[in-house]
Structures are given as structure tokens and as C-alpha cells.
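A short worksheet on the structure shown next.
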Amino acid sequence: MLTALWPERWSRQQRSNATLVSAVVLMVLALALLGKLLSFLPDPIGPNAQAFSDGARTTLWLTLVSGSLGLVLGTGAALARTSRFVAVRWVASFYIWVIRGTPLLVQILFVYFALPVLVPGLNLPDFAAAVLALGLNVGAYNAEAIRAGLLAVPRGQTEAARALGLGRMHVFLDVVFPQAFKISLPPLVSNFVALLKDSSLAYAIGVVELTNVGNRIQSATFQPIATLSTVAITYLLLTTLVTQISNAVEYRFDVEGRNK
């Protein structure tokens, strides 16, 4: 982890900030230089270096947008699951049950092909359909992670905050949610990293992301080993850098409770 590279005298916040900035800079450099580096490799990688670079950017952008949507949906569903209203709890439970019980590939195909039939006039572009499907999917898993965090906050803290005269909204925003978010952070990070890899299924509806690029090139050149190895290594690079960014966030919030 990059945090181990910084001086011990630095505070946790300083090391976290340095790690976060370094990981983001490395991510930008990797995406900017990926095409140039791959161009030095022999056929079929070199002539298609720009295609790999564009596919990597699309994969990362798809992950960021759908991950943000999934975080919003997950938070809303978690709050609905812990609501006092039975109907709201049932709707959220049904959403989580359906999404977690069906394959992601089926969900992507459903949003792209079946949703326009159910809602006439709603013809989503391939990228938007992939974002919606991926966001709905990761949102269901995020909801359970956040709900677990909410339920893990000791009830006594809520009662103590109310005894001090805090309103229900202030109790939630100032006492419950910060602790729940800290508890939920590790599984949320894991879901986001998994989403980066799951975004490869967007190739099924024509999104030209990294897997789609690799599949097209290996089909045209009949050289699957070089092509798919390049795709795998590029995914490994992206997931490693994303993991460093997420680890910096976890370190900042002292998820492991090691703050000195």
C-alpha cells in the first residue's frame, strides 16, 4: 500500500492525502500513456494500442458513473429497509431480492432490450443502459452493506443523542450515519472494485469497453493469447490503482481502529 511509503512522522490525514493524490496521478498517467506504451508491442497489440487505451477509459468512466449511481441507490434502499413504514420496507426488499437473485448479464440485457418494450419511447443508448443496469446491481449490494452498518451502531448512542435534545434528523446525520458509513466502507470499496470487473459484461449490448475491444481484436486477428493477456493486464492495472485510492479512503477514516 502506498501509505507505507510516507514518513512515519506524518499524520494519518497527511499520509492518506498523499496516497490519494499519488494514486489519482498514477491513474491519470496510466490512462494517458497506455496507448503509447502498447504501441511499442508487436502485432496485434501495437497497431491497436489506441483502441485498448480508449476501451480502458470507457471502462473506468462506466465504473465511476454507475458506481456513483449505485451508492445513491444503495443508501436510499438501506434507509428504506430500516424504515418504520412496512410498504417502504417491502419495496426495498423486493428490489434487493430481485437484483441479487438474477445474473448481472440478464439485467443488462433486460434494461437494453426489454425496458423500451415496457416503457415505450425509453430507448436508452448502450452506455446509458449499461450504467443503469450496473448501478441497479451494485446498489442492491451496497444497500445491504449500508444497512448492516446502520444496524451495527449501538442503540444506546441514539437514545443518548435524543436525551440531549437532538432531533431525529440530527441524530441520524451527526451520530448514526457517520459511524454506519465507517463500518460499511470496506464492503462498499469491495463492491466498487468488483464493479470495475463486472463492467466487462457491458460488451453484450455493444459498449466499446476494454473487454469488447479485446474480443473484437482477437476475433479479427485470431491471436487470443496476446490480446486477452493485454486485456487482463490492463484490468489488473486499473483495479490495483482503484484499490490504492479506496485504501487511502479507508486509511483516512481509520476503519481498522488503529489511530494513534
**Message:** Other residues, nucleotides and ligands only: do more than 12 of their heavy atoms fall within 6.0 Å of CG on Leu118?
**Reply:**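 More than 12 within 6.0 Å, yes.
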Please round to the nearest 0.5 Å and tell me the distance separating atom [atom1] of [X] and atom [atom2] of [Y].
X: Tyr235; Y: Thr240; atom1: OH; atom2: OG1; value: 14.0 Å
X: Leu104; Y: Asp198; atom1: CG; atom2: CG; value: 5.5 Å
X: Ile146; Y: Leu185; atom1: CD1; atom2: CG; value: 10.5 Å
X: Lys197; Y: Leu236; atom1: NZ; atom2: CG; value: 10.0 Å
X: Asn212; Y: Tyr203; atom1: CG; atom2: OH; value: 9.0 Å
X: Arg216; Y: Thr211; atom1: CZ; atom2: OG1; value: 12.0 Å

Side-chain heavy atoms under 4.5 angstrom apart, residues restricted to Ile, Leu, Val, Met, Phe, Trp, Tyr: same cluster for [X] and [Y]?
X: Leu105; Y: Leu62; answer: yes
X: Leu238; Y: Val193; answer: yes
X: Val138; Y: Trp97; answer: no
X: Leu26; Y: Leu37; answer: no
X: Val119; Y: Leu124; answer: yes

**Request:** Show your reasoning for whether side-chain contact (heavy atoms from CB on, under 4.5 Å) applies to Val65 and Leu69.
**Result:** CA-CA 6 Å; Val65 178; Leu69 176 61; 5.8 Å; no
May I ask you to decide if [Y]'s main-chain N or O and [X]'s side chain share a donor-acceptor pair within less than 3.5 Å?
X: Arg89; Y: Ser83; value: yes
X: Gln157; Y: Val153; value: no
X: Glu144; Y: Tyr141; value: no
X: Gln244; Y: Thr19; value: no
X: Thr227; Y: Ile217; value: no
X: Asn137; Y: Ala133; value: no
X: Ser199; Y: Leu196; value: yes
X: Gln218; Y: Leu228; value: no
X: Asn17; Y: Gln13; value: yes
X: Ser39; Y: Lys36; value: yes

**Request:** Check the pair Leu150, Leu79 against side-chain contact (heavy atoms from CB on, under 4.5 Å), reporting the backbone distance first and the verdict last.
**Result:** CA-CA 9 Å; Leu150 291 172; Leu79 295 178; 4.1 Å; yes
**Prompt:** Run the side-chain contact (heavy atoms from CB on, under 4.5 Å) check on Val21 and Val25 step by step: do they pass?
**Reply:** CA-CA 6 Å; Val21 171; Val25 170; 4.2 Å; yes
Donor on one side chain, acceptor on other, [X] and [Y], under 3.5 Å:
X: Ser200; Y: Glu209; answer: no
X: Arg57; Y: Ser53; answer: yes
X: Arg147; Y: Thr82; answer: no

Any side-chain heavy atom of [X] sitting closer than 4.5 Å to one from [Y]?
X: Leu31; Y: Leu60; value: yes
X: Ser219; Y: Asn215; value: yes
X: Leu210; Y: Phe52; value: yes
X: Leu73; Y: Tyr95; value: yes

**Request:** Show the numbers, then the answer: is there a side-chain contact (heavy atoms from CB on, under 4.5 Å) between Val231 and Val213?
**Result:** CA-CA 9 Å; Val231 171; Val213 169; over 6 Å; no
Might you point out which heavy atoms bring [X] and [Y] nearest each other, and give the distance in Å?
X: Ala129; Y: Val111; answer: O-CG1, 3.6 Å
X: Pro47; Y: Asp43; answer: CG-OD1, 3.4 Å
X: Asp126; Y: Gly206; answer: OD2-O, 3.4 Å
X: Ala130; Y: Ile205; answer: N-CD1, 3.9 Å
X: Ala30; Y: Leu241; answer: CB-CD1, 4.0 Å
X: Ala143; Y: Ile96; answer: CB-CD1, 3.8 Å

**Asked** Among Asn142, Thr243, Leu64, Ile245, whose side-chain contact (heavy atoms from CB on, under 4.5 Å) with Phe192 holds?
**Response**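 Considering Asn142, Thr243, Leu64, Ile245, a side-chain contact (heavy atoms from CB on, under 4.5 Å) with Phe192 is found only for Leu64.
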